[in-house]
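Heads up, the thing below is written out as structure tokens.
Whatever order the structure lists them in is the order used to number ligands and atoms, beginning at 1.
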Amino acid sequence: MLTTYLLVLAMKNEMFLDKVIAKNPNEPEFIQAVEEFLNSVLPFINKNPKYIVSNILERIIEPERSIIFKVPWLDDMGKVQINRGFRVEFNSSIGPYKGGLRFHPTVNLSILKFLGFEQIFKNALTGLPMGGGKGGSDFDPKGKSDNEVMKFCQSFMIELSRHIGPNTDIPAGDIGVGSREIGYMFGQYKRIKNEFTGVLTGKSQNWGGSLIRPEATGYGVVYFLNEMLKFNKDTLKDKTIVISGSGNVAQYSCEKATELGAKVITLSDSSGFIYDPDGINKEKLDFVFHLKNTKRGRISEYSKKFGCKFYKNKTPWGIKCDVALPCATQNELTKSDAQLLVKNNCIAVCEGANMPCSIDAVDVFLNNKVLYAPGKASNAGGVAVSGLEMSQNSLRMNWSRDEVNERLKLIMSEIHQNCVKYGSSGEIVNYVNGSNISGFIKVADSMIDQGVV
Ligand code: NDP
Ligand code: 2IT
């Protein structure tokens with residue numbers, strides 16, 4: 001009798017994606033993230049009746065709260081501008097909501113729900129007590145003066161401050177949000193609440209930030225890659241690496257990979273990519289840091305400075321490499337890109353960005369035994385060090401660079417071990433299954449412990 005009941009419920013699970021699509025129309029990125037998750041988790045759930053009986057799937061894909069608000073601000077010409085602000089507080093079963101803010105013209109509810117959903121399991125994988133959330137705005141910082149960015153950030157925080165707090169929801173950076181934006185938002189939060197608290201992470205070091213947080217996502221990506229290679233009795237030494245993006249994650253992935261003996265030959269932005277066959281060494285990377293973080297210029301300037309090729313409006317996946325690190329944005333690597341990488345004998349793909357590879361690109365990697373790490377495992381170093389920043393703020397202490405870096409290394413290695421534990425079949429490690437199942441168990445069990453939540 002019970003078996004028949006469970007069988008019926010399991011069949012309902014199989015049709016679950018149709019229900020998600022019907023309930024969340026016009027949210028393709030969110031549906032994509034749920035589909036990828038279900039591919040790993042459904043077979044596991046169907047073997048573990050407690051998750052079926054507790055209807056955990058339907059519960060876990062619904063955000064606890066989605067806040068959408070108007071952000072009015074005055075530009076330098078004195079004209080009123082209007083943007084839309086968001087915070088998706090997705091799941092707080094293992095800790096306060098935690099996740100970045102993205103400022104980019106493409107930002108909408110679908111993108112923030114996909115990012116918030118992935119963040120739940122990523123945060124669980126870090127082993128730290130953080131729930132999942134994500135927010136941001138369709139505001140475009142490109143081409144805006146510092147004054148305009150500040151005015152926008154202040155107005156954004158007037159509304160956001162009602163919903164966040166050091167024990168409730170702790171935002172951080174993401175695309176378009178770096179230390180400048182975090183500074184303006186922190187200053188405004190402090191004025192509104194008259195409190196100096198760790199309400200945001202990614203703060204500057206003079207006022208509560210953690211050493212290594214700027215580097216953490218990129219360094220973590222390379223530490224994870226190193227673990228994957230080590231597990232396959234290989235190393236990073238002399239590997240040729242193709243990186244997309246030239247922002248925070250791309251810059252520090254490039255720095256750490258180079259430090260560990262690899263050669264990085266591409267970087268990109270939304271205008272195209274540069275190909276430097278000699279490798280982007282320390283001096284060249286210093287130029288990129290200045291170009292992108294201070295001058296806020298275009299990556300094409302690198303090719304003029306160092307005399308290499310710039311490919312306008314192209315992505316770098318056709319360049320022959322051993323390893324690819326997509327570090328720009330979602331769905332930037334498609335099935336045909338994956339086929340090119342395989343044809344060129346790429347052995348590993350480690351995601352710095354969130355969901356940069358489409359589902360059919362991931363299938364190509366898995367079918368061809370390319371070592372493939374999904375972002376929720378490989379880019380978890382950023383939020384992990386955000387978690388360490390929260391600990392330091394609570395303790396009112398600062399840890400040394402070495403101490404934070406060692407903790408980051410350990411966390412990335414433990415995430416790798418968990419992927420091996422939950423994703424191995426025979427000799428092969430499926431990192432997609434490993435990360436999804438490992439993250440899911442912790443969150444789902446906590447939800448069940450806490451009753452009808
Ligand atoms: P940045 O804003 O510092 O850099 C983003 C980079 O990606 C830029 O080079 C940008 O080019 C490029 N890019 C952004 N959107 C597009 C697009 N639609 N098409 C082509 N290129 C694009 O962001 P981060 O480096 O912080 O973030 C990069 C990725 O890493 C994102 O997916 C983010 O979610 C993820 N991530 C970030 C973490 C962090 O701690 N910052 C942590 C974990 C993941 P351009 O300047 O021309 O727009
Ligand atoms: O996608 C991510 O993990 C981030 N943007 C970092 C989030 C954080 O809270 O540090």
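- Residue Met130 places no heavy atom under 4.0 Å from ligand 2.
- Residue contacts with ligand 1 include Ser246, since one of its heavy atoms falls under 4.0 Å from the ligand.
- Atom 37 (C) of ligand 1 lies below 4.0 Å from at least one non-hydrogen atom of the protein.
- Judged as a side chain to side chain donor-acceptor pair (under 3.5 Å), the pairs with a partner in residues 199-216 (not counting sequence neighbours) are, in order, Lys98-Thr201, Thr201-Ser386, Lys203-Glu389, Lys203-Asn393, Ser210-Gln392, Arg213-Ser386, Glu215-Arg401.
- Both the sub-6.0 Å distance and the 45° axial angle are not jointly satisfied by Lys376 relative to the ring of Tyr431.
- Looking at Arg213 against ligand 1, only its side chain comes within 4.0 Å, counting heavy atoms.
- More than 12 non-hydrogen atoms from other residues, nucleotides or ligands lie less than 6.0 angstrom from NZ of Lys320.
- With Phe37 as reference, Phe117 is the one residue of Phe114, Phe44, Phe30, Phe117 to meet the ring-ring contact (aromatic ring centres under 6.0 Å, His included) rule.
- Short contacts between ligand 1 and Cys327, defined as distances under 4.0 Å to a heavy atom of the residue, involve ligand atoms 28 (C), 29 (C).
- Between atom 6 (C) of ligand 2 and the options Glu118, Lys376, Arg213, Lys98, the minimum heavy-atom separation is to Arg213.
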Walk me through whether Ser145 and Asp76 qualify under side-chain hydrogen bond (donor to acceptor under 3.5 Å, both in side chains). CA-CA 8 Å; Ser145 67; Asp76 287 347; 2.6 Å; yes

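- The Ala172 neighbourhood of ligand 2 comprises atoms 8 (C), 9 (O), 10 (O), with distances under 4.0 Å to a heavy atom of that residue.
- Distances between N or O atoms of Ser271 and those of ligand 1 include no value under 3.5 Å.
- Side chains of Tyr97 and Asn91: no donor on one and acceptor on the other come within 3.5 Å.
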